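Notes follow the structure.
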Amino acid sequence: MVGIAVLGAGRIGKIHAANVAANPSARLIAVADPYASAAQSLAGQLGADAMTDCLAAIDRNDVQAVVIGTPTDTHINLMLHAVRQGKAVLCEKPIDLDMAKSQAAVEEVERVGGKVMLAFNRRFETTFAAMRRAIEAGDIGEVRQVIITSRDPGLAPEDYIKHSGGIFRDMTIHDLDIGRWLLGEEPVELMAMGSRVVDPHMMEKYDDYDTAMVQMQTASGKQCHINNCRNSVYGYDQRIEVFGSKGMLLQDNLRPTTLRRWTQHATDVRDPLLNFFLERYTQAYKGELDAFVQALLDGNALPVTVQDGLKALHLADCAIESAKSGRRVRV
């Protein structure tokens, strides 16, 4: 059994804590959050101890690993505190919004031999993972293009936008990670565009964008196209196409059921898309936590590393530079 403390009792913390509690090889020891009522409510539901001091939760002798689901600006301090004690970490992305701070943290993690897994949960989504296996098996030959569509159902509240780090570091970073993962090669060149068409006033206020496109290319010529928008009136749009020399792989949107209806009023009517990322990626979050625990039990390398987090953040920073300058950027 791996004793785990979940740090943060917000919406991400709730997902992680429930998945830890459901894993037969893990024990949820504590939930820590500065807001006592949030910690007590979540811990009480899952039979764990409630704490308000995240560092104290890490320090516990019965905790061998921690899951960090706290605000981004706390990630590095909590991560380094844990690895210096030899405790494993599953940390939500990004490591930090600042590249220099992230680089320094990664160097420290690697210096002490720390075990840190970055929470790019989409790698553990069943169909995305099957795509990767099919590519590795040569089912579609040499990959030529990866096309990723990722659109949110509605614009986030202003306070979230204010602290998010911008669309490229907050939203696109997931797609940048999946893009390089499916390409199988590191991008060497990137071009990005950002627009303010959903809420121009708020986006201008925070020097951010609500609509974005990114194009990446590897040294061998493989391409990746990503399109994002913060507002999709028809729901949470999540699709991937991988085109290769021998065929194509396609991941369509998920819905509550596969039922399709034909009537005198409409044809091929289907259920609406799953509401948002909490519903769409429920299985992916569970798969991610299970993979983390299993790697610790088996003594294997963690499936997503701090270097993966650093590379995705670097691509996001390159996208920001390209969008602001209007020029192609060497990665």
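These numbers come from a predicted model, not from an experiment. Note that these values count all heavy atoms, side chains included, but never hydrogens, waters or copies made by symmetry.
Heavy atoms of other residues, nucleotides or ligands lying less than 6.0 angstrom from OH of Tyr35 number 12 at most. Summarising the local packing, NZ of Lys311 is surrounded by more than 12 heavy atoms from other residues, nucleotides or ligands at distances under 6.0 Å.
No donor-acceptor pair under 3.5 Å is formed between the side chain of Asp308 and the backbone N or O of Asp177. Thr263 places a side-chain N or O within donor-acceptor distance of the main-chain N or O of His265, the cut-off being under 3.5 Å. Using a distance-only test at 3.5 Å, with no hydrogens or angles considered, no donor-acceptor pair links the side chain of Glu241 to the main chain of Leu250. Between the side chain of Asp49 and the backbone N or O of Ala30 there is no donor-acceptor pair closer than 3.5 Å. Looking only at distances, a side-chain donor or acceptor of Asn228 sits under 3.5 Å from a matching main-chain atom of Ser150. The backbone N or O of Gly154 sits nowhere less than 3.5 Å from a side-chain atom of Asp152 that would complete a donor-acceptor pair. Between the side chain of Thr74 and the main chain of Pro71, a donor-acceptor pair closer than 3.5 Å is present.
Separating the CG atom in Asp96 from the SG atom in Cys91 is a distance of 10.0 Å, to the nearest 0.5 Å. The CE atom of Met117 sits 10.5 Å away from the OG1 atom of Thr305 when rounded to the nearest 0.5 Å. The structure places CG of Asn19 at 10.0 Å from CG of Leu46, a figure rounded to the nearest 0.5 Å. Between atom CZ of residue Phe128 and atom CD of residue Gln238 there is a gap of 6.5 Å, rounded to the nearest 0.5 Å. Rounded to the nearest 0.5 Å, atoms CD (Gln145) and CG (Leu183) are 10.0 Å apart. Distance check: Leu78 CG to Leu7 CG gives 5.5 Å after rounding to the nearest 0.5 Å.
In this structure, Met171 and Arg230 have side chains that are in contact, with non-hydrogen atoms separated by less than 4.5 Å. Side-chain atoms of Ile68 and Val89, non-hydrogen and from C-beta on, do get closer than 4.5 Å to each other. At a threshold of 4.5 Å between non-hydrogen side-chain atoms, the residues Met131 and Asp139 do not count as touching. Asp208 places a side-chain heavy atom less than 4.5 Å from the side chain of Ser164. Between Phe124 and Tyr281 there is no side-chain heavy-atom pair separated by less than 4.5 Å. The closest side-chain heavy-atom distance from Val116 to Met79 is below 4.5 Å. Inter-residue side-chain proximity for Leu310 and Val306 is flagged as unmet; no heavy-atom pair is nearer than 4.5 Å. Counting only heavy atoms from C-beta outward, the side chains of Glu189 and Val331 never approach each other to under 4.5 Å.
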(message) If you apply the rule side chain to side chain contact (heavy atoms under 4.5 Å, CB included), what do you find for Asn77 with Leu80, and how did you get there?
(response) CA-CA 5 Å; Asn77 183 47; Leu80 295 183; over 6 Å; no
(request) Could you please spell out the steps behind the side chain to side chain contact (heavy atoms under 4.5 Å, CB included) verdict for Leu289 and Leu90? (result) CA-CA 8 Å; Leu289 189 281; Leu90 173 61; 4.1 Å; yes
(request) Could you please spell out the steps behind the side chain to side chain contact (heavy atoms under 4.5 Å, CB included) verdict for Leu182 and Ile240? (result) CA-CA 10 Å; Leu182 293 176; Ile240 295 181; 3.9 Å; yes
(request) Decide yes or no on side chain to side chain contact (heavy atoms under 4.5 Å, CB included) for His75 and Thr70, but give the supporting numbers first. (result) CA-CA 7 Å; His75 287 181; Thr70 53; 3.8 Å; yes
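For the side chain to side chain donor-acceptor pair (under 3.5 Å) test, residues two or more places apart in sequence or in another chain that qualify with Gln251 are Thr127. For Arg169, the salt bridge (charged side-chain N to carboxylate O under 4.0 Å, His left out) partners at least two apart in sequence or on another chain are Asp317. Residues passing the side chain to side chain donor-acceptor pair (under 3.5 Å) test with Gln264, sequence neighbours excluded: none. Evaluation of the ring-ring contact (aromatic ring centres under 6.0 Å, His included) rule for His16 yields Tyr285 as partners, not counting sequence neighbours. The side-chain contact (heavy atoms from CB on, under 4.5 Å) check on Ser245 picks up Glu142, Arg144, with sequence neighbours excluded. Partners of Lys205 by side chain to side chain donor-acceptor pair (under 3.5 Å), not counting sequence neighbours, listed by chain and number: Glu158.
Classification of Glu136 and Arg132 as a salt-bridged pair holds, one side-chain N sitting under 4.0 Å from a carboxylate O. For Arg196 and Asp210, the salt-bridge test fails: no basic side-chain N is under 4.0 Å from an acidic carboxylate O. Salt bridge present: Asp175 and Arg122 bring a charged side-chain N and a carboxylate O closer than 4.0 Å.
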Name each donor-acceptor pair under 3.5 Å that joins a side chain in residues 270-277 to protein atoms two or more places apart or in another chain, with its distance.
| from | atom 1 | to | atom 2 | distance (Å) |
| --- | --- | --- | --- | --- |
| Asp271 | OD2 | Thr257 | N | 3.4 |
| Asp271 | OD2 | Thr257 | OG1 | 2.5 |

Show me, pair by pair, the donor-acceptor contacts under 3.5 angstrom made by side chains of residues 294-302, not counting sequence neighbours?
| from | atom 1 | to | atom 2 | distance (Å) |
| --- | --- | --- | --- | --- |
| Gln294 | NE2 | Asp298 | OD1 | 3.1 |
| Gln294 | NE2 | Asp298 | OD2 | 3.2 |

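Scanning both residues, Ser220 and Glu185, for their nearest heavy atoms gives OG-OE1, 2.7 Å.
With hydrogens and angles left out, the side-chain atoms of Asp237 and Ser232 include no donor and acceptor closer than 3.5 Å. Side-chain contact of Asp170 with Tyr160: a donor-acceptor pair under 3.5 Å is present, judged by distance alone. A donor-acceptor pair shorter than 3.5 Å cannot be found between the side chains of Glu186 and Thr218.
Note on residues 273-282: pairs passing salt bridge (charged side-chain N to carboxylate O under 4.0 Å, His left out), not counting sequence neighbours, are Glu125-Arg280. Sorted by first then second residue, the side-chain hydrogen bond (donor to acceptor under 3.5 Å, both in side chains) pairs that include residues 318-331, not counting sequence neighbours, are Asp207-Lys324. Listed by first then second residue, pairs satisfying salt bridge (charged side-chain N to carboxylate O under 4.0 Å, His left out) with a partner in residues 67-92 read Arg84-Glu108, not counting sequence neighbours. Among residue pairs with one or both ends in residues 21-30, those qualifying as side-chain hydrogen bond (donor to acceptor under 3.5 Å, both in side chains) are Asn23-Asp290; sequence neighbours excluded.
Here the options are Val214, Leu176, Leu315, Leu313, the test is side-chain contact (heavy atoms from CB on, under 4.5 Å), and the partner is Phe168; only Val214 passes.
Note: the hydrophobic cluster containing Val329 does not contain Met216 (ILVMFWY, side chain heavy atoms under 4.5 Å, direct or indirect links). Val106 and Val109 end up in the same hydrophobic cluster when Ile, Leu, Val, Met, Phe, Trp and Tyr side chains are linked at under 4.5 Å. Grouping the Ile, Leu, Val, Met, Phe, Trp and Tyr side chains by contacts below 4.5 angstrom, directly or via other members, places Val20 apart from Ile12. Val67 and Met51 end up in different hydrophobic clusters when Ile, Leu, Val, Met, Phe, Trp and Tyr side chains are linked at under 4.5 Å.
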